[in-house]
Structure formats: C-alpha cells, structure tokens
Protein chains: 2
Amino acid sequence: MPFTNNEFRTAFSVDNVIFGFDDADLNILLIKRAEEPFANHWALPGALVHQDEDLRDAPIRVLKELTGLDNVFLEQVKTFGKVNRHPSGRVITIAYYSLINIHQVSPQAMSFAEKVSWIKIKDVNELAFDHNEILEFTLSKLRRDVKRRPIGFELLPDTFTLSQLQSLYEAVLDKELDKRNFRKKILSMKLLLDVKEYQQGVAHRPAKLFSFDPDRYLTLKAEGFNFEI
Amino acid sequence: MPFTNNEFRTAFSVDNVIFGFDDADLNILLIKRAEEPFANHWALPGALVHQDEDLRDAPIRVLKELTGLDNVFLEQVKTFGKVNRHPSGRVITIAYYSLINIHQVSPQAMSFAEKVSWIKIKDVNELAFDHNEILEFTLSKLRRDVKRRPIGFELLPDTFTLSQLQSLYEAVLDKELDKRNFRKKILSMKLLLDVKEYQQGVAHRPAKLFSFDPDRYLTLKAEGFNFEI
DNA sequence: AAATGAAAGTGAAAAAAGAACACTAAGTCC
DNA sequence: GGACTTAGTGTTCTTTTTTCACTTTCATTT
C-alpha cells in the first residue's frame, strides 16, 4: 500500500435523504439520534462505509435496515467534506437520495436512532451536523432531476391516478400546475399504461388507474427522448 | 473519537478534470504517471486529501501546482468508490472539473507525473484506473451544465468574438449550431459587454470583441433568470 | 486598383411548444 | 332527488424555436 498511516485519519460516511409522498406532501425519513454528538436531534439516516463495500452499497444497506426495501431508486447527490463538519473528527460524507412509496414502508428504528419518522419537508427544522445544508442541496437536485427524467413514479404505488401524479409533481416542485396541460404533457410521453381499472371507495367520480411502463421508458431513453415537464 | 481504527483503512483522493479550449477543440489536461501503479499511463491529475484540508481545497491545490492558477471555475462532479478501483488499496475519489483559458497556462509536471499535456477530448485513449469512466461522466455533466448556466466564458480569453464563443459551445456540445439563432440567444441574455474594439490581424472582416459581464450575471441569477442555450 | 477569398453580420416567416381558461361527467352521501 | 366532490376534456393565444441566404468588411493576390 502506497499510503502512509496519516492518511487514514479520515472516516467516511453516507447520508440518505429518503423521500416519500403521502398524497399531499413530500416527506423525508429522519431519525432522532440516540447518541452523542447531537443526541436527541433529528438527523439524516446514515452509516460509515465499510472497508470492503462498494460506496453505493452503503446507502443501499441503510435503506434496507431502515425500511426493509431492496430495489429502490437511489441517486448520488454530492460529497460534503468541510474539516469541521463533524464535531468528533474528520468525516467526509457522501449524500444520496431515494424515492420510495411511503405506504410500502413502516420504518424501524435502527442502531444509532431512538426514533424514526416521516417528516413533511416544510416541517423540517434544525437538523444535526450540516444536514440542513445537505437536505437543501438534495431538494434542489431532486427538483432538477424530476423535470429531466420521469422518476416521480417511484414515489407512488404501482397504480395511480393522474391527479395523484399531478399532486406529486406539485409537491416536489412546490408549484401549482394546470390540470389540462399536465395531462396533455404526461400522456404525450406515452409512459403510462392504462390498467383498465378505476379507483374505488371514493366519494366522487372514480378516476382511471395507470401504471408506469418501464420498458417504454428504456426504449424512449435510448432514442434520446426528452422527458422534461 | 467514536471511530474504531478499522474505519481508517480507506484513503481519500480528488481527481481533476481540467478542460481547456484551443479555438477548435475541447482539451483536457492529463499527466503521464511516473510511478506505479499505471506507470507511463495517462491519468487525470489528482491528490490525496489532506487531513486538515477542506475537501474543496484539495482540487484547488492540484490546480495551483499544475497550472499556477488560483481563482478557477471548479465544480464537484461525483464520487467514485468501488472497492477495487485502485489496485493498491481502498481509495475513494471525488471528481471535480475546472474550466480554464488554455492560453493562460503552461502546465508544469508535478510530483507523480512524468509529463503533463493538453489532449484533445476526441484523442483520449485508455487512461489509468477508472479515469475513462470519470471523464465520460464529467463530460456529460459539463454538457448539462453548459446549457444551464453561462460557464463557457471561463474557457475563453477576457475578450472574444461571437464566433469564438459559438465554436466553443459547438466543441463542448459536439453539435453544430445555427449562427443567427446562437447570436440571438446569447445576446438576449445581456451578459456580453461590447468592448468597442475589433479583432486584429485576420484576413477577413474583423469581428467585434465582447467580454463577459459577471455583475450582470449575478443580478440576473438572483432574479432567477434562465440561461439555457 | 481591381478581383478574390473568408469570415462577420443581419431578419423574417413558419412551426412548435407552452400558457390560459370553464364546463360536463360520474360517482357518493344525505 | 339534490348537493357535493373530483374526473375528464379542447381551443385559442402567446411565446419560443427553427429554418434559411445574402450583404459587408477586411486582407491578400494579381
């Protein structure tokens, strides 16, 4: 190994920004820390990266522990590396975000956490470490990404109505959209499969259900199709 | 410190993708490695991150050593962390890219390098480590960024002609642009200052010279102006 | 000094995309 | 049966993007 001992005084971690959508608001999964530093503060879930683990496997491990989910949409955001970002020593952290269907999950408290909870984005207050900065940067990346690629579906159940999809986009972008224009645009992408079923148990006209067509997405992507909303 | 010894077996490096434009092609600054592993191979310049150094200061240090330049456009790209990406041990690397004016610089060979050279993007072959993957990802990010924000100016001299600016965009995007549409678009952003001078020593009608107006840029950015090309 | 070559500079018309906008339909609930 | 709630649907206007060709101004050549 060509490295002197001195270069190993830095630890590295990942932090997960896990987004969920509850039919009205965008939420993130936060933990309440059980240990110092920042005991009793809300924080992003995270973990140290294992020595023999590919970087991307670390946030996957955190997600699995926390939610039981495997195969989740996961995207690297940015690495945060100020010398003093962690009070107990040098820790460089790589932020990831995920999109999950909030109803698929009943999160479990994990090692470092006293408590795990979904918090509406707009209700997030002071977080531990530099996690507010990480969250803010991640949100802006999510907003950019969601306009560029059809990733919003990851936050919804397998079948959903166009109104649900629209409120999801409105929650993520924090902006109202025109119903007719939204439908025109989304349907013109041909990414939705009509599942020939209707919403049930609602006190109004039931909406048609759609599902996302991942094959169609791959085909269009290969053709360089533009998915901008 | 809450970390056990075991967690420090990973080293941290940064790798710099330094872009320069030579009036026709997009180039990057590569080093020819003097040492194993990958002795005699071309590679991205990089360095281990110092213990007491903010992450972002590491690529700034590399740039300074290599080019003598300070105040350079620098953007974080992505972190690469496969377990076996470095044959001598676990090294996680954070990629950055910079845009510099190629004529401002006569690069100096640095510690690890036998040789430093500008290479046209299209002439880049096999690089050391996973540097081809890093370069490819960085190029795609540059192409996205250049459409989103007026960063192309960083690659040009202080004053430049509209044709130079256009060939720069064409080189970066690897795509021909319509002269009239390009001018219309770029001038409508009001980011160019007419320096009231003309090109000299060319065997054709001399072009007007412009410079970039950074104040104007900051004002427009604060207003949420859209700079898409 | 006239002709040639080479890039600079300029606008209008057509097509495409985006934004604004209001009523009818199909259910449940009371 | 009436009230209530959300679903669903097209057209017009505005803005943006695309397409396309000729004249100007300099240096160089003869």
Side-chain angles (χ1 to χ4, degrees), chain A residues 21-24 143 146-148 150 156-157 159-171 173-211 220 223-229, chain B residues 21-24 146-148 150 156-157 159-171 173 175-211 220 223-229:
Chain A
F21 177 66
D22 66 5
D23 257 41
R143 289 186 176 135
V146 92
K147 281 196 237 175
R148 220 158 47 88
L156 293 175
T159 66
F160 47 84
T161 69
L162 291 178
S163 295
Q164 280 178 295
L165 188 60
Q166 181 175 344
S167 12
L168 161 60
Y169 275 92
E170 291 179 332
L173 299 173
D174 194 21
K175 185 182 162 184
E176 296 208 345
L177 302 173
D178 179 272
K179 182 158 66 162
R180 281 186 279 199
N181 292 339
F182 179 79
R183 284 166 187 240
K184 211 182 305 173
K185 187 105 197 196
I186 221 78
L187 291 173
S188 75
M189 289 181 195
K190 308 271 178 76
L191 287 173
L192 296 187
L193 279 169
D194 181 347
V195 301
K196 311 273 185 202
E197 284 175 38
Y198 288 85
Q199 220 178 6
Q200 291 192 349
V202 287
H204 54 78
R205 175 173 176 181
K208 282 187 89 149
L209 292 173
F210 292 87
S211 69
L220 287 172
E223 290 167 7
F225 191 83
N226 183 359
F227 296 101
E228 300 206 2
I229 295 277
Chain B
F21 177 66
D22 65 5
D23 258 42
V146 91
K147 281 198 240 177
R148 218 157 50 89
L156 292 175
T159 65
F160 48 83
T161 69
L162 292 179
S163 295
Q164 279 178 294
L165 188 61
Q166 182 177 343
S167 10
L168 161 60
Y169 274 91
E170 291 179 332
L173 300 174
K175 182 182 164 187
E176 296 210 344
L177 302 173
D178 180 272
K179 182 157 66 162
R180 282 187 279 202
N181 293 339
F182 179 79
R183 286 167 185 237
K184 211 182 306 173
K185 189 109 198 194
I186 220 79
L187 290 172
S188 74
M189 289 180 194
K190 307 274 178 72
L191 287 173
L192 296 187
L193 280 169
D194 182 347
V195 301
K196 311 276 184 200
E197 285 174 42
Y198 288 83
Q199 219 180 6
Q200 292 193 346
V202 287
H204 53 78
R205 176 172 175 181
K208 284 187 89 152
L209 291 173
F210 291 87
S211 69
L220 288 174
E223 291 167 5
F225 190 85
N226 182 359
F227 297 101
E228 300 204 2
I229 294 277

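Below, each value reflects all heavy atoms present in this structure, side chains not excepted, and no hydrogens, waters or symmetry copies. All chains are named by letter (A, B, ...) in the order of the sequence lines, taking the proteins before the strands, and each is independently numbered beginning at 1.
- Applying the side chain to side chain donor-acceptor pair (under 3.5 Å) definition to pairs two or more places apart or across chains, those involving residues 189-201 of chain B are B:D194-B:K208.
- Side chain B:R205 to base D:dT24: a donor-acceptor pair is found below 3.5 Å.
- Judged by distance alone with a 3.5 Å cut-off, no donor-acceptor contact links the side chain of A:K208 to the base of D:dT9.
- Partners of A:F160 by ring pair (Phe, Tyr, Trp, His ring centres under 6.0 Å), not counting sequence neighbours, listed by chain and number: A:F153.
- Partners of A:T159 according to the side chain to side chain donor-acceptor pair (under 3.5 Å) rule, which considers only residues two or more places apart in sequence or in another chain, do not exist here.
- Among residues two or more places apart in sequence or in another chain, the salt bridge (charged side-chain N to carboxylate O under 4.0 Å, His left out) test is passed with A:R205 by none.
- Boundaries of the chain B contact region on DNA chain C are C:dG5 to C:dA12, first to last in 5' to 3' order (nucleotide atom under 4.0 Å from a heavy atom).
- For A:E170, the side chain to side chain contact (heavy atoms under 4.5 Å, CB included) criterion is met by A:Q166, A:S167, A:E176, A:L177, not counting sequence neighbours.
- When the ring pair (Phe, Tyr, Trp, His ring centres under 6.0 Å) test is applied to B:F21, no partner is found at least two apart in sequence or on another chain.
- Contacts between residues 188-202 of chain A and DNA chain C, defined by a heavy-atom separation below 4.0 Å, involve A:V202, listed by number.
- Under the salt bridge (charged side-chain N to carboxylate O under 4.0 Å, His left out) criterion, A:D178 pairs with no residue at all, not counting sequence neighbours.
- Using a 4.0 Å heavy-atom criterion, one finds that A:K179 contacts the bases of the nucleic acid, with or without backbone contacts as well.
- Rounded to an integer number of Å, the gap from B:E228 CD to D:dT15 P is 19 Å.
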